[in-house]
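See below for the structure under consideration.
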Amino acid sequence: MLDIRLLAQDPENFAARLARRGKGIDLDPVFALDRRRRELIQRGDELRHRKSKAEDAMKTADKKGAEFAAFREEMRTVAAEIKVLEESLKVVEAELDEKALYLPNLPDAAVPDGADADANPVIRTWGEKPNFDFTPLEHDRLGEKMGILDFERAVKITGARFTVYKAGAARLERALINFMLELHTTEHGYTEVLPPFMVNATSMQGTGQFPKFREEAFEMEKDGFFLVPTAEVPVTNLHRDEIFDAQSLPVRYAAYTPCFRREAGSYGKDTRGLIRQHQFNKVELVQFAAPEDSARAHEELTGHAEQILQRLGLHYRVVDLCAGDLGNSAARTYDLEVWLPGQNAYREISSCSNFRDFQSRRAAIRYRPEAGKKPVLVHTLNGSGLAVGRTVVAILENYQTADGRVRIPEALRPFVRNAEYILPENT
RNA sequence: GGAGAGGUGGCCGAGCGGCCGAAGGCGCUUGACUCGAAAUCAAGUGUGGGGCAACUCACCGUGGGUUCGAAUCCCACCCUCUCCGCCA
């Protein structure tokens, strides 16, 4: 959520910055509602003030006297008037909220111009494309052939966009989760968190999923809970309505969770394989930082996610999302795109974003820069470190051998009893 | 699922329908004392909104209601805890 008061001070500037996202956003109705809101507050305060003064007098007045009776009659009508004002205020605030909660974040000044993903500049590349003396298979063909990924039976037991992992694939997924968490917690200074996999609607609003992207969430209608679309939601909301001490920042959390997404509107996209699933595993990095530190923290966090790819020896590139491709809540985002030789393409495997105060304003997450001073909104950041299913895809495609096995990267071997290869499973 | 208890400021904990934004304690900040620290003493210390400001309004789990007036009374809901049952 954006700061309406700030926006109202310099409407043209903010409108121009929002326009970089490419969608026409009309701020005038927001400002009009904000003005109306302040009007109602002022009139209400005035009446309440008059009423409380009268009540002070009534406290000591003779309860049976004529003066008391007169006051009582007058205040009765004032109370009714206040009630009417409060009701209109409630309506105006609901409308304003509705509008304000739908406004996207302001892109950082450093965000490159551009309309869509094609305009995202590549800012660095690590490693090289592996050479094959055979034609590498796509992971889903390979996984099926090896008998370690079962897409058909997943359809039977659940439906499309779900997968059953078996044997070497299941073990690989599990090893990757452990590998990632171990690295981030022991070398990068993150505290491990294992949060609930269902959250309430307030949490979803706090991080910006609601109200705009409600269609994307799996909902437990009966209980009012939602399956987490990413660990970002429960982990960022850990500190909702809290005030950090200055010295406790930055706070860093690493969390494994499965992620559940309805993928509404992506019918026909990536229908095969593990790339786009309704349920996938992810290790997420979340940071709470002081505003002046967040840009640096963003670079750092991105580097932490990159470390995973580097240790696994996977070639990737980093792209700087342009204004038109930036997610709704983000002020700046770097995507890590891993090379997939089977698909002959780079695919997103991590997205690292700085939300600045967009989420913290919604979720009221603040810190006190100095004892006795007013609390200030923190900046929140997060990034995948990494999407586990897509990492499995990358390993299968990059490390497949001519004889139908998959070599396991050195860094991962301690997590699989030093096995060197994933072997076919013939059951 | 059944029975009961309770939700008040960073924490603990009082609170008669008006004098309660809220006693007291702890914590924290500042000052005094000290070579320094501890102890002690003194003062200060919630959040948000409106207003250029003086100032003002709201907030005692949430939402309604009664009343001139509600932290305090009534209703509904949410949450927490204890006991019983069930259960990985």
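Lettering of chains follows the sequences in order, A, B, ..., and the numbering in each one begins at 1. Because only heavy atoms are used, hydrogens play no part in the values below, and waters and symmetry mates are left out as well, while side chains stay in.
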Check your understanding: Does A:Arg276 come within less than 4.0 Å of A:Glu263, counting only side-chain N to carboxylate O?
Key -> yes
Does OP1 or OP2 of [N] have a side-chain N or O of [X] closer than 4.0 Å?
X        : N      : answer
A:Arg76  : B:rC68 : yes
A:Arg50  : B:rU56 : no
A:Lys374 : B:rG48 : yes
A:Arg43  : B:rG50 : no
A:Ser52  : B:rG69 : no

Under 3.5 Å on both distances, the Watson-Crick or G-U partner of [N]:
N      : result
B:rA39 : none
B:rA53 : none
B:rA23 : none
B:rA58 : B:rU47
B:rC83 : B:rG2
B:rC73 : B:rG65

Exercise for review: Under the salt bridge (Lys or Arg N to Asp or Glu O under 4.0 Å) rule, collect the residues that match up with A:Arg21, sequence neighbours excluded.
Suggested key: none
**Study point:** salt bridge (Lys or Arg N to Asp or Glu O under 4.0 Å) against A:Asp56, all qualifying residues, sequence neighbours excluded
**Key:** A:Lys59
Check your understanding: Is there a donor and acceptor pair, one atom on the side chain of A:Asp45 and one on the base of B:rG51, closer than 3.5 Å?
Key -> no
Could you state the atom-to-atom distance from [atom1] of [X] to [atom2] of [N] in whole Å?
X       : N      : atom1 : atom2 : answer
A:Arg38 : B:rG48 : CZ    : P     : 18 Å
A:Leu96 : B:rG49 : CG    : P     : 13 Å
A:Gln42 : B:rA58 : CD    : P     : 15 Å
A:Lys53 : B:rC57 : NZ    : P     : 6 Å
A:Ile4  : B:rG50 : CD1   : C1'   : 16 Å
A:His49 : B:rG69 : NE2   : P     : 18 Å
A:Leu40 : B:rG51 : CG    : C1'   : 16 Å
A:Glu39 : B:rG49 : CD    : C1'   : 16 Å

Roughly how many Å apart are [M] and [N], using the [atom1] atom of each and rounding to a whole number?
N      : M      : atom1 : answer
B:rU72 : B:rU66 : C1'   : 14 Å
B:rG7  : B:rU62 : P     : 13 Å
B:rU67 : B:rU30 : C1'   : 45 Å
B:rG69 : B:rU82 : P     : 41 Å
B:rG13 : B:rC33 : P     : 38 Å
B:rA22 : B:rG9  : C1'   : 9 Å
B:rC11 : B:rU34 : P     : 37 Å
B:rG15 : B:rC60 : C1'   : 10 Å

Show each protein N/O and nucleotides 70-73 of chain B N/O combination with a separation under 3.5 Å, one pair to a line.
none

**Study point:** Nearest atoms (heavy-atom pairs only) where A:Pro291 meets A:Leu377
**Key:** CG-O, 3.7 Å
Point to revise | Summary of salt bridge (Lys or Arg N to Asp or Glu O under 4.0 Å) pairs that have at least one residue in residues 79-95 of chain A, sequence neighbours excluded | key: A:Arg37-A:Glu93, A:Arg48-A:Glu86
Check your understanding: Can you tell me if A:Glu216 uses its side chain to pair, donor with acceptor, with the backbone of A:Ala264 under 3.5 Å?
Key -> yes
Check your understanding: Contacts to RNA chain B from residues 81-94 of chain A, heavy-atom cutoff under 4.0 Å, which residues?
Key -> A:Lys83, A:Lys90
Review point. Considering only B:rG50, B:rC68, B:rU47, which nucleotide approaches the side chain of A:Arg5 most closely?
Key: B:rG50
Exercise for review: Start with the C-alpha distance between A:Asn200 and A:Ser203, add both sets of side-chain angles, then the distance that settles side-chain hydrogen bond (donor to acceptor under 3.5 Å, both in side chains), and finish with yes or no.
Suggested key: CA-CA 6 Å; A:Asn200 56 35; A:Ser203 295; 3.1 Å; yes
Review point. Does the side chain of A:Tyr334 pick up a donor-acceptor pair with the side chain of A:Glu299 at under 3.5 Å?
Key: yes
Check your understanding: Are a donor atom and an acceptor atom from the side chains of A:Ser351 and A:Asp335 found within less than 3.5 Å of each other?
Key -> yes
Review point. Name the one of A:Thr380, A:Thr207, A:Val193 that satisfies side chain to side chain contact (heavy atoms under 4.5 Å, CB included) with A:Val235?
Key: A:Val193
**Study point:** Verdict with supporting geometry, A:Arg362 and A:Leu101, side chain to side chain contact (heavy atoms under 4.5 Å, CB included)
**Key:** CA-CA 8 Å; A:Arg362 289 170 167 248; A:Leu101 284 170; 3.7 Å; yes
Check your understanding: Which residues pass the ring pair (Phe, Tyr, Trp, His ring centres under 6.0 Å) test with A:Phe226, sequence neighbours left out?
Key -> A:Phe210
Practice item. Let me know, please, whether A:Arg366 or A:Met75 comes out on the 5' side of the other along RNA chain B by nearest nucleotide. Key: A:Arg366
